[in-house]
Colleague: 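Provided herewith is a single structure, encoded as structure tokens, for subsequent inquiry.
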Amino acid sequence: MSVTVRVPAKVNVQLAVGAARPDGFHDLANVFLAVGLHDEVTVTPADELRVTCAGPDAGQVPLDRTNLAARAALALAQRHGLAGPEAAVHIHIAKDIPVAGGMAGGSADGAGALLACDTLWGTRASREELLDICAELGSDVPFSLVGGAALGTGRGERLRTLDVGGTFHWVFAMAGRGLSTPAVFREFDRLAQGLDVPEPVASQELLDALAKGDPDALAAAVSNDLQPAALSLFPELADTLAAGRAAGALAALVSGSGPTTAFLAREAESAAEVAGALRASDTCRTVRTASGPVPGATVVTPGAATVPTGL
Ligand code: C5P
């Protein structure tokens, strides 16, 4: 028997970053929107814990125990006292979310493996327990489980679900190389030296724009405090942002810690136009369109009841 879970990517429509905390993390006001680019995580009983990965960027995915999917399986097994063959599982990741792209691809695989193992092993962890394990695995992992739209506070792991009154159409431009999230936060700290970094707060205009489903209002309110740091480490991203703006995108921003860039369009047709212009611009590696919000981690094993999660 195998269990397959489908997990979405995210874009941060607001990423407000506070000063570095004593533990090295940063307090955030992080408004996540799940979008329709997905990884699929399949777990199958095996002789030992093993991770494989397929997809365009599969070669860049670590297959050892640093992989968040492997760590999720180990964390669930440990909490439920499963050991040896009981907890041995082959985790296969069919990867479509860009690797090291700022779209929570690794977090998606962690949340997906957790839900898949919980289903395969019948551990029936409560929602709170799953969210706790996700928060231990990484700041963005709880959102990958929950999906939709949410405001993350603390280091991003404490979630409040947000109402969204419509579908937003996006274009994503993937860069020729990745950016490391810790490196981008370190660059944020370097650029903030000597400055007074305000407490991160969610923008009311942005939350209202989401609730109304109004792309023009959302475009006026999006922001990413990590963008200057990402551009400092990867200056060519400015050319991609400019190409998307010139093609008529309502807003252009770096997604999370980057280097994927995100472009908001008014509807699907204009998203396709922006995508075409970006492809022709020669400023990025690949271009995808996706809309959101979409549900979080969902069991999609053929024959199994579809189980969307949500908070
Ligand atoms: O939580 P996660 O492991 O995904 O974070 C990766 C890295 O990003 C952390 O090690 C830290 O350098 C940085 N980070 C941060 N503040 C946050 C979230 C992440 O500094 N709120």
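Remember, it's 1-based here, ligands and their atoms both numbered in the order they're listed.
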Colleague: Looking at Asn67 and Pro62, would you say the former's side chain and the latter's main chain have a donor-acceptor pair under 3.5 Å?
Modeller: yes
Colleague: Which atoms of ligand 1 have any heavy atom of Thr181 under 4.0 Å away?
Modeller: 8 (O)
Colleague: Check this for me: does any side-chain nitrogen of one of Asp23 and Arg155 sit under 4.0 Å from a carboxylate oxygen of the other?
Modeller: no
Colleague: In terms of heavy-atom contacts, does CZ of Arg266 have more than 12 from other residues, nucleotides or ligands at under 6.0 Å?
Modeller: no
Colleague: Identify, by atom number and element, the atoms of ligand 1 in contact range of Pro182, meaning under 4.0 Å from any of its heavy atoms.
Modeller: 7 (C), 12 (O)
Colleague: Tell me the protein heavy atom at minimum distance from atom 13 (C) of ligand 1, and give that distance in Å.
Modeller: Phe185 CD1, 3.3 Å
Colleague: For Glu267 and Ser270, test the side chains for any donor-to-acceptor distance below 3.5 angstrom and give the result as yes or no.
Modeller: yes
Colleague: Return the option from Gly154, Gly18, Gly152, Gly138 holding the heavy atom at the smallest distance from atom 3 (O) of ligand 1.
Modeller: Gly138
Colleague: Could you label the plane-to-plane angle of the Phe32 and Phe143 rings as parallel, tilted or perpendicular, counting under 30° as parallel and over 60° as perpendicular?
Modeller: parallel
Colleague: Among the heavy atoms of Leu28, does any lie under 4.0 Å from an atom of ligand 1?
Modeller: yes
Colleague: Let me check something: any side-chain donor-acceptor pairs from residues 235-247 under 3.5 Å, sequence neighbours excluded? List them with distances.
Modeller:
from	atom 1	to	atom 2	distance (Å)
Thr240	OG1	Thr283	O	2.9

Colleague: Which of the atoms of ligand 1 are close to Gly24, meaning less than 4.0 Å from one of its heavy atoms?
Modeller: 20 (O)
Colleague: Given Ser139, Gly156, Pro200, which one has a non-hydrogen atom that is nearest to atom 1 (O) of ligand 1?
Modeller: Ser139
Colleague: For His26, counting its heavy atoms only, list the atoms of ligand 1 lying under 4.0 Å from any of them.
Modeller: 15 (C), 16 (N), 17 (C), 20 (O), 21 (N)
